[in-house]
Amino acid sequence: MLVRAALLIGCLIAGNAHAAGPRLDHLSPQGGQRGTEVAVTLIGGRIGQAPAEILFYEPGIEVKALERIDDNQAKATLAIAAECEPGIHALRVRTASGLTNLRTFHVGMLPEISEAEPNNDFAKPQAVELGCVINGVVTNEDVDYFVVEAKQGERISVEVEGLRLGRTFFDPAIAILDEQRFEVAAADDSPLCQQDAFCSVLAPADGKYIIELRETSYRGNDASTYRLHVGKYPRPAAMFPGGGPAGQPLEVKWLGDPAGEKSETITLPVEARLNQSVVMSDESGAAPTGVPVRVVDMPNVLEAEPNNKYDNATNAELPAALCGEIGEAGDVDRFRFTAKKGEVYDFTLVARELRSPLDGVVRIRDAKGKGLAGADDNAGKPDSYIRFTIPADGEYIAEVEDHLKQGGPTYVYRLEVAKPRAAVNLVLEERVQYEATEVCVPQGGRAAVMVTANRADVGGELNVGFGELPAGMTQEVQPLAGDYNRVPVLLKAAADAPLSGRLTTITAELVDKSQPVLSRFKQQTWLVRGRNNVPVWSHFADRAAVAVVEPAPFSITVVEPRSPIVQSGTKELKVVAERREGFDGRIAVKMLYDPPGLSSHQGIGIEPGKTETVIPLTTAGNASARDWKILVVAEADMNGPVRTASEFATLKIAAPYVALAYPTAATEQGKSIDYAVGVTVNTPFDGAAKVELVGLPPGVTTTPQEITKDSTEVKFPLAVAADARVGHHKQLICQVTVMENGEPVVHSIGAGQLRIEAPLPASSTAGQPGGTGGEAS
Amino acid sequence: MRLRTGCWSLLLIAAVSIASSRHAHAKTSSEGAKPQAAKAAAQAAQYASVAIYPPEITLDHGDDYQGVVAVATRADGVTLDVTDKVTWAVEGAARLEGTRLLPAADGLAVLKATWGQHSAEAKVKIVGLAEHPAVSFRNDVMPIFLRGGCNAGGCHGAARGKDGFRLGLFGYDPEGDHFRLTREQATRRINVALPDDSLLLTKTTGVVPHTGGKKFDSDSVYAQTLRKWIAAGAPNDTRDAPASTKVELFPPRAVLEGEGAAQRFIAVAHFADGTTRDVTNLAVFTTNNESSAAVDADGLVKAGARGEAFVMARFDTHTVGSQVLVLPKDAKFTPSEEKPVNYIDELVGAKLRTMRMNPSPVCSDEEFLRRVCLDVTGQLPTRDEYDVFMIDSDPHKRARKVDELLERKEFAELWAMKWSELLMVKVIPNRVEYKPMFLYSQWITRQIAAGVPLDEMVRSLLSASGGSFTSPAVNFYQIEPTTEKTAENVAQIFLGMRLQCAQCHNHPFDRWTMDDYYSFTAFFAQIGRKTGEDYRETIIFNRGGGETKHLLDGRAMKPKFLGGIEPDTKGKDRRAVLADWITSPENPYFAVNIANRVWAHFMGVGIVEPVDDVRISNPPSNPELHAKLGTKLIEYKYDLRQLVRDICNSHAYQRSSQPNESNASDRRNFAFARVRRIPAEALLDCLCTVTGAPEKFPGLPLGARAVQIPDGATSTYFLTTFGRAPRNTVCACEASAEPTLSQALHLLNGSAVHNKIAQGKLVQTWLDAGKSPAEVVEEIYVRCLSRKPTEEEAAKLAELYGDAKKPVKELQDVFWAVLNSREFLFNR
């Protein structure tokens, strides 16, 4: 009986106490039709252990129910609103003990069906309605065929979401074939949807049309799932102009649809999201995914063709978004503007960002056409960027063309020209490589994260912190010095803070509030990586996920050093843990970040049964000498990682207290000498400091010496053995240990030199010292 | 020669008077040997004509001379060196000393040779008699180094020189050579004050020890030249000396009869200033067939065993050659009568007749069917195909079969594979990803399948720009990213030339110099590459800037066609300009190279062999046929299928593989069909087909054939063992058909044959379907060998299975034995 009770308790601890770090590997199904309710299985390690909430990054989906299936699966009932935007809806699941990684759910417009194998024979395709979303998978060497019927002139649109489902490096290719196997349309990669593809045609005749779907080089696998949207919907490839001022109506032209161009007036949102897009719809339906749109605070100037010469350039007034299309191969678009000497403008080409096929080259010329600046590609992307300072008052020409001199009706672009604006690009640093950091703060505990703040046209001290936080959670923010770009943020949850989560942004502002700063927070989730971990498909979010989770079974404290660490010095940082009863696991501890020039040991842990440890720190000679706010983070494996953080502590990095002047000494084997080192005390200290000379060659010994703040020299008696190693020894180092506030301040100061020579051999002729037998040295 | 024939009549009028008045003594004395003359006349009567070489002579200064030879030709083409037999006479401003023509006055002369009833004349022009040019380093001294072997790779031409002294390999760096001779070691190598103390002379003449030995006597013409040059102050004229523009070798062709027959050769160099010069004593003579036609240092060729050879002379950067045929003396030869099917048979026949060989007869229908199916589609004929073909009595059934096979997709796939080998289609980690490679492979297959003219395909390849997904042809530039190698590859693939040597020194066996190399490389100097949005995709584009620099002096080289002009490339994509030149019908190399590659596929050996080593020193075995195939390909608008049709319909292709008495020694003249091992991919496919046991290759569905594997990096043990091209280089030698022991062992002991027989279960199936054991044996024979077993074979095999009704094991053994037979492995 007793045994059983003990077992039961054990089970409770294992099952109940903690199951941190839930994962979300994939969703099944991966999408649903809007206006319907879908039951979705969420699959991933520990996700079924107390699932509490789904955090959606985009509006339109309501969670009706969320329940456990087993430890690694949960079931969610999602109600997709009728007006929900189609396409990608990113989400994270919050359980009682943590937040999952980010995955995407895909909202479609059409009824959902499943692929029914076998359908890999052209002659025996799966019959589907012209108006459905097929959920299927393309395994290795697999080809899936579907057949639809269409009337002449009816639009057949096919779009596949494969790579965009974010599961694996799946590169689908699609084709629409007629019954004689002739290709009516085919697409492998469509610029609008990257490695995914769409094709859209008007049926040339009444009849059956076979849709072929495969991996482009027949290399699918079991994770190569897809959602194939088959319907009569319009499928434009581009929109012109690709954006406009926030909150304003915008007359746009839809380009690339087989039924021809269509104009429409849309209203741009007042506050645009990061992945803002617009969906085209008509009486036959709506496209399954949208076309990206830019929402900016500058007016559009639309090109007026012909504008391919200097004298017919379209006139523009800056700032403006110069909008155009490189309509045909060899086309060049030119815009003329007036500017004053000294004005600085950023010319930012926005084309591929809008998924235009254009790989644009931008040039700036003077009024006569003389080239002044040019750019192709920027930051590894095809969109170009130039910062240009106007050399003299007058007229100038901005010019856009394709890098390969190609062109076409969907080669749209916006050349956004504006004066530089103070901005900070904020990134929540990765804790684990290739994994977007989520923040889980244990009730009554702390969590710490690093934020990188890259300034654009702004200097000075910044305050960087999270926006609105869950109830009961607070943050402690340290100002970020003007000459540094990384800052720790400490988040704390009250013991009674309710378990909850939210998506929140990170902002930066100048401490002195001298000018407004645009905060641009962006978090990349690497959904699919290629060879050498190249990002292939990522999700970018403008908010980070923060949650209050169950209490951690331990807390840690860093003992604030009472004396500095000097440049080229070492120090031990003491960390103390408080273990909750019943927890005796190893707690890995490390510095959240190392100030520049300092390195801390990464592999330290508080071992089971212990409650404290030290983290060795060393500094380089050029470590940045100032007070640094440091944090120690701790992690334990409790059926998944449980993390917490210490409070801030101040670590002072100081210049060395003493400087040493080393002589180059020489001696012979067996001949002891004194080695005198000059001492300059730069920072006076109390009492005596111990000085040890290390790095002596084998066979040479000495004894530690002491110096005081008044010393000018320290002398080491070197005992040189008869077999001391001959040679030029260049790595003699003094370790100077000054005691301050009861703590050692350890310096390592190098480097002295000592030459040891072999004595001249005794002359072969007795009585002739220094005879001729010796080898010249 | 400086003057064109048109001017001669005018000049001659003026010259005759001078010649007759001042040089009457020039008539050589051959009076007083009447019986000999009668004998000579009798011999001469057997010959059809006599010719003098060089046919036109210019003597450009007072010290100039020109050696001459006379060659008589018999009606059957046999030639005889009659330099010593003819009666020489000079009319005009020159005189003859032995066989050397020397100037006597400025003006014109006529050199005459008479032999029996035959006579020949050579026109001679003499200018600048008063001039005695100084010794030229470039044109007099440097050639001595080449002739003496001083600047060869084994001697001072080695990368680090020899014994402390280095010369540019084969004279590629005259400026550097002059520097090293005159400046590198002060007065040691050259002593202007005491020329005879110069190491250059003492070493070469053996006065002081020389690792390379004594090269020539101290009173030789070479020593004199060196001495004169040193005495003159060892001047450097590397920049000013007129460059040699071409070299001629005379006679252009010799047909020697009987072992020991000899022929003198004369080399004449032409220079940029219009002068010519007898360089017989400065040229390096070589032969490509020592046993048939050995050549000595002075250009004397001696006939050896029956065969053909190419005798070459090299002077400066020029190599020229003459064909020498050696025929047995008085061999009885009656040309066989056979109506040629097309130009191929005419030209092959003509060459064979010259060689006094008769071709083997045309092969049987069975042999033809198997051969043509393997060659055109890489597959064996099926049983049905065999039956249909054998009972067909249409006299044109062979031609019909060829047409039918050419329309099959397998033809396109086979040639796509061959092109993929040349273009090195394969995955290269971190450079060429699977997808672009796959798209490239598909692109090539589509080009062939759609019958895109080869010139168009090559133009698309060479001038390709864009992304490697959307324009798969750009992968050509991604597979090989370096400029120099790209240029070398283009020359080798499309022009059949190997330029590699000329990267570091002038080509030793061809005309290509470093200038040519870097000028050709310049066509690829402006290729830009950037990674596409998808990291697997590379975008190749024309940067519009960038040059190649000459290795020696860092000169930026202007793009120049090989052996052609410097085109205007301003504002153009240089590659497109080059592509247009390569594929233009006027290009002398492209069409013949492609045609020769096609020919080699069907005939087992190229007319130029190796097919991608076209150079002067590796001439075509049948130049007329070689040229004609190229012309035809152009005429067919580069339609591969039409050329294949011509080849496959010719008797030359359809010959039996059994040689006859007259042609047994033939290797390169297509007198009989060459027996060839079936290439690796086709062999594996055949093995799979005949056993009914398909193979599974990664990335391809079950049943896909080895020929279809897109990726050169994908292979199997079988394919590797049987010599699948690893596609590491563009060399045609990569795919190997050499039989090896491991191949035999793999077939005998390995899993391939045994497992496939078991896996395919064909023997059981046939027996279960009611076939008798004898019928099964026949089935096996027809499937594998495209013939029925002979009566003898059938009887022997019947012993094996006796009266058994379903002797599965025994018949599987028969199957195994047939598949292991040479008859199965070879295409004969």
Side-chain angles (χ1 to χ4, degrees), chain A residues 120-121 139-143 163 169-173 183 186-197 214-221 329 351-353 355-359 361 374 376-378 380-384 402-406 408 528-538, chain B residues 425-443 445-446 463-472 474-475 527-545 571-573 576 696-704 708-711 714:
Chain A
N120 35 14
D121 186 353
T139 53
N140 196 16
E141 295 151 16
D142 190 12
V143 182
L163 181 76
F169 197 166
F170 172 39
D171 184 349
E183 234 170 53
D188 178 351
D189 305 322
S190 304
L192 182 63
C193 40
Q194 304 203 357
Q195 284 83 354
D196 286 347
R214 60 179 168 84
E215 207 279 339
T216 182
S217 41
Y218 300 96
R219 305 192 119 197
N221 60 48
R352 195 60 63 89
E353 195 183 320
R355 305 310 313 158
S356 161
L358 179 73
D359 179 352
V361 178
D376 178 18
D377 300 355
N378 179 47
K381 298 210 164 109
D383 285 344
S384 310
D402 184 68
H403 163 78
L404 292 168
K405 309 225 173 354
Q406 292 172 347
V528 179
R529 281 174 281 144
R531 193 195 283 268
N532 303 335
N533 286 314
V534 178
V536 172
W537 181 248
S538 295
Chain B
V425 178
K426 67 177 200 169
V427 167
I428 304 172
N430 288 322
R431 175 131 48 87
V432 181
E433 293 285 334
Y434 191 87
K435 175 170 173 175
M437 181 284 303
F438 182 82
L439 295 173
Y440 189 28
S441 167
Q442 277 195 325
W443 181 83
T445 313
R446 279 184 191 157
S463 52
S465 285
S468 56
F469 289 178
T470 45
S471 318
V474 300
N475 283 295
I527 300 171
R529 293 179 174 83
K530 66 177 189 181
T531 305
E533 222 183 359
D534 183 330
Y535 73 94
R536 298 170 299 169
E537 184 174 31
T538 307
I539 297 163
I540 305 282
F541 59 96
N542 176 26
R543 276 190 296 148
K572 299 178 194 165
D573 187 337
K696 172 75 187 74
F697 301 108
L700 290 174
L702 184 71
Q708 297 169 316
I709 301 175
D711 181 7
T714 303

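Below, each value reflects all heavy atoms present in this structure, side chains not excepted, and no hydrogens, waters or symmetry copies. Numbered from 1 within each chain, the chains take letters A, B, ... in sequence-line order.
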Residue B:Pro429 versus chain A: region with a heavy atom under 4.5 Å: both
Leading residue by heavy atom contact count with chain B [cutoff under 4.5 Å; candidates A:Asp188, A:Asp359, A:Asp171]: A:Asp171
Gap separating the CD atom of B:Gln442 from the OG atom of A:Ser217, nearest 0.5 angstrom: 8.5 Å
Region of A:Asp376 that comes under 4.5 Å of a non-hydrogen atom in chain B: side chain
By side-chain hydrogen bond (donor to acceptor under 3.5 Å, both in side chains) - contacts of B:Glu537 (at least two apart): none
Which atom of B:Tyr535 lies closest to which atom of A:Gly530, heavy atoms considered: OH-CA, 3.2 Å
Under 4.5 Å from any heavy atom of chain A - which part of B:Leu700: backbone
Partner residues of B:Phe697 under the ring pair (Phe, Tyr, Trp, His ring centres under 6.0 Å) criterion, sequence neighbours left out: none
Taking every non-hydrogen atom, the tightest pair across B:Ser465 and A:Leu404: CB-CD2, 4.5 Å
Best-contacting candidate, B:Thr531, B:Ile539, B:Thr470, against chain A by heavy atom pairs under 4.5 angstrom: B:Ile539
Electrostatic pair A:Asp189-B:Arg536, nearest N-O below 4.0 angstrom: no
Proximal component of B:Phe469, with respect to chain A [non-hydrogen, under 4.5 Å]: side chain
B:Asn430 versus chain A, the contacting section by heavy-atom distance below 4.5 Å: both
Interchain contact, A:Arg219 with chain B, by part (heavy-atom threshold 4.5 Å): side chain
Between A:Gln194, A:His403, A:Lys405, the one whose heavy-atom pairs under 4.5 Å with chain B are most numerous: A:His403
Side chain to side chain contact (heavy atoms under 4.5 Å, CB included) partner of B:Glu533, the single match among A:Gln195, A:Lys381, A:Arg355: A:Arg355
